[in-house]
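When a residue number appears, it is its place in the shown sequence, counting from 1.
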Amino acid sequence: MANLVLSECGIRPLPRIYTTPRSNFVSNNNKPIFKFRPFTSYKTSSSPLACSRDGFGKNWSLNVSVPLTTTTPIVDESPLKEEEEEKQRFDPGAPPPFNLADIRAAIPKHCWVKNPWKSMSYVLRDVAIVFALAAGASYLNNWIVWPLYWLAQGTMFWALFVLGHDCGHGSFSNNPRLNNVVGHLLHSSILVPYHGWRISHRTHHQNHGHVENDESWHPMSEKIYQSLDKPTRFFRFTLPLVMLAYPFYLWARSPGKKGSHYHPESDLFLPKEKTDVLTSTACWTAMAALLICLNFVVGPVQMLKLYGIPYWINVMWLDFVTYLHHHGHEDKLPWYRGKEWSYLRGGLTTLDRDYGVINNIHHDIGTHVIHHLFPQIPHYHLVEATEAVKPVLGKYYREPDKSGPLPLHLLGILAKSIKEDHYVSDEGDVVYYKADPNMYGEIKVGAD
């Protein structure tokens, strides 16, 4: 930077002061290699910018010394720019450049093999843990143990649901009778009508990502959303109430849909499925009657501690996991209608989640993308199958955030999604969630 001083009528350079040259500027005979040319003085009157001594002349002169030129290193930012541009160009709602057969071909053959003995070993493990926890809590019977028991037992009830879920998909074994027997025992024990749920869950998989035809945690259109009464809207979009929704969904389905998982005449079921639905409803009724009888045996308070509270912890796990498999990504994910929907594109809108140590307890249900596309794969092969298909899926696979021992990082994601994902447009074949700004007052979408 040039050194300047102001005179009374202009700008003049400072007196020339030269320091002793550094060694790298000196030759062997100590004579400077570079000679500095003295500054040339300019007459202010000869410059068109000169000024008179009165300070307000028409002409000014700017006399500066030019600094030594330095070279600024050029950083090649093209790879970073290309990566950012590629990210911006990627459209998650666009048809993928691969098909279902490409994904299937990448999965190792042994991942399709169902081992009923291995599946049963998980059932025996989980049932043993459930009874051990109940026995231990009853024996110790103090208020330090009970809260720990509720969390642990509620999580194990949820693990039982996941194994029954495998039975419903037929990924438990190749024997439909074994699947149905084990499925009824597991799901009835936690008050889920096995066949009623199995059939509606099949509908969910066959129509995943479709605004109207999906069955589980699908978005409401703006018209349906606006028709909700205030209590329903409050329950549906308020934590933790929304995490208690599952039993009510079983009774009356989602807003905008009619029927019940317990009633054979529901729109959910085909005429040929009535017997299955009645069987499951009978099993559910038998379990409910057993619980009522146990109230008289051990007392209602003890039953609340042993079964009631863990049941609701299980419900919260179920709603928490299933909701986040279809909501809450940092980038809004598409939902489809009409010709834009396909089984593949709908399945690619699902999300994997990492649950830390819970992954093993609830049988890797967090590996949800590959499960949605190929529900026949047993849960103990889902992680390997997912790793195998990642190169095929590319950007259509969204790597889950890594969890600590417990998936506490997902609580913020859940809260943000509940606050912002309210409805989708009534029109359009590729739509995205919108927020109701009047739900909680002014909502700043995207602000954390």
Side-chain angles (χ1 to χ4, degrees), residues 150-151 154-155 157-158 161-162 165 190-192 197 200-201 204 208-209 211-212 214-261 308-330 332-333 335 349-351 353 355 358 362 365-366 368 406-424 432-448:
W150 295 332
L151 292 173
T155 303
F157 281 10
W158 160 238
F161 176 89
V162 175
H165 161 272
I190 51 174
L191 296 177
V192 175
W197 163 85
S200 75
H201 192 65
H204 165 54
H208 47 208
V211 175
E212 283 82 21
D214 200 344
E215 179 63 28
S216 176
W217 289 120
H218 62 91
M220 286 178 278
S221 66
E222 185 173 5
K223 181 179 180 180
I224 293 176
Y225 174 81
Q226 297 296 345
S227 70
L228 297 178
D229 55 50
K230 289 184 178 180
T232 301
R233 193 179 300 184
F234 180 79
F235 183 90
R236 173 62 179 79
F237 296 104
T238 302
L239 286 172
L241 297 180
V242 65
M243 293 293 100
L244 305 175
Y246 189 66
F248 302 95
Y249 161 74
L250 291 176
W251 278 106
R253 299 177 73 190
S254 302
K257 295 190 175 184
K258 298 179 181 179
S260 170
H261 288 75
I309 297 177
Y311 167 79
W312 285 105
I313 297 294
N314 150 67
V315 168
M316 295 181 75
W317 264 116
L318 192 154
D319 284 325
F320 177 71
V321 171
T322 55
Y323 180 89
L324 287 176
H325 282 161
H326 302 276
H327 297 79
H329 193 261
E330 58 185 354
K332 294 288 186 181
L333 298 181
W335 289 80
T349 65
T350 60
L351 297 165
R353 298 292 187 184
Y355 298 93
I358 308 298
H362 68 189
I365 194 64
H368 205 64
L406 297 176
L408 301 179
H409 69 292
L410 294 175
L411 296 177
I413 295 173
L414 173 68
K416 185 174 184 291
S417 179
I418 294 294
K419 186 178 179 181
E420 297 178 359
D421 298 337
H422 296 152
Y423 59 83
V424 296
Y432 296 82
Y433 265 112
K434 298 179 180 179
D436 177 5
N438 300 316
M439 173 63 72
Y440 315 100
E442 186 66 25
I443 294 177
K444 295 181 179 180
V445 179
D448 292 327

Could you walk me through whether Thr350 and His326 pass the side chain to side chain contact (heavy atoms under 4.5 Å, CB included) check? CA-CA 5 Å; Thr350 60; His326 302 276; 3.5 Å; yes
Could you go through the side chain to side chain contact (heavy atoms under 4.5 Å, CB included) check for Leu414 and Ile418 one step at a time? CA-CA 6 Å; Leu414 173 68; Ile418 294 294; 4.1 Å; yes
Side chain to side chain contact (heavy atoms under 4.5 Å, CB included) for Val321 and Val162? Distances and angles first, verdict last. CA-CA 11 Å; Val321 171; Val162 175; over 6 Å; no
Step-by-step side chain to side chain contact (heavy atoms under 4.5 Å, CB included) determination, Met243 to Val315: CA-CA 7 Å; Met243 293 293 100; Val315 168; over 6 Å; no
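Scanning both residues, Tyr249 and Ser200, for their nearest heavy atoms gives OH-OG, 3.8 Å. For the pair Gly366 and His325, the tightest heavy-atom approach, listed with the atom from each and the gap, is CA-NE2, 3.7 Å. The minimum heavy-atom distance between Asp319 and Ala245, with the atom names listed, is OD2-N, 3.0 Å. The two residues Ser260 and Leu250 make their nearest non-hydrogen contact at OG-O, 3.5 Å. Of all non-hydrogen atoms in Gly328 and Ile413, the two that sit nearest each other are O-CG2, 3.1 Å. The heavy-atom pair separating His218 from Asp214 by the smallest distance is CD2-O, 3.2 Å.
Here Tyr311 contributes atom OH and Phe157 contributes atom CZ; the two are 10.5 Å apart, rounded to the nearest 0.5 Å. Atom CD1 in Ile313 sits 13.0 Å away from atom CG in Leu318 (nearest 0.5 Å). With rounding to the nearest 0.5 Å, the separation of OG in Ser254 from CZ in Arg236 is 8.0 Å. To the nearest 0.5 Å, atom CD of residue Gln226 and atom OH of residue Tyr423 are 6.5 Å apart. For the atom pair CD1 of Ile309 and CG of Asn314, the computed distance is 13.5 Å after rounding to the nearest 0.5 Å. From Tyr225, atom OH reaches atom CG of Leu228 across 7.5 Å, with rounding to the nearest 0.5 Å.
The closest side-chain heavy-atom distance from Trp217 to His327 is below 4.5 Å. Contact check for Pro247 versus Trp312: side-chain heavy atoms found under the 4.5 Å cut-off. Counting heavy atoms from C-beta on, the side chains of Phe235 and Val242 never come closer than 4.5 Å. Within the 4.5 Å cutoff, the side chain of Tyr355 has heavy atoms near those of the Leu410 side chain. Taking the side chain as every heavy atom from C-beta outward, Leu244 and Met316 approach each other to under 4.5 Å.
Atom CZ of Phe234 has 12 or fewer heavy atoms from other residues, nucleotides or ligands within 6.0 Å.
Checked against the 6.0 Å centroid criterion, the rings of Tyr433 and His422 do not qualify as a close aromatic pair. Trp197 and Phe161 have their aromatic ring centers within a separation under 6.0 angstrom. In this structure, Tyr246 has its ring center at least 6.0 angstrom away from the ring center of Phe320.
Although no hydrogens or angles enter the test, the distance criterion places a donor-acceptor pair under 3.5 Å between the side chain of Arg253 and the main chain of Lys258. No side-chain donor-acceptor contact under 3.5 Å links His208 to the backbone of His204. Remark: side-chain polar atoms of Thr349 are not paired, donor with acceptor, to backbone N or O of Gly209 under 3.5 angstrom. At least one donor-acceptor pair closer than 3.5 Å links the side chain of Thr155 to the backbone N or O of Leu151.
A donor-acceptor pair shorter than 3.5 Å can be found between the side chains of Tyr323 and Ser417.
Salt bridge status for Asp421 with Lys332: present, with a side-chain N to carboxylate O gap under 4.0 Å. A salt bridge links Asp436 to Arg233: at least one charged side-chain nitrogen sits closer than 4.0 Å to a carboxylate oxygen. A salt bridge does not link Lys434 with Glu420: none of the charged nitrogens is closer than 4.0 Å to a carboxylate oxygen.
With respect to His165, the ring pair (Phe, Tyr, Trp, His ring centres under 6.0 Å) criterion is satisfied by exactly one of His362, His201, His368: His201.
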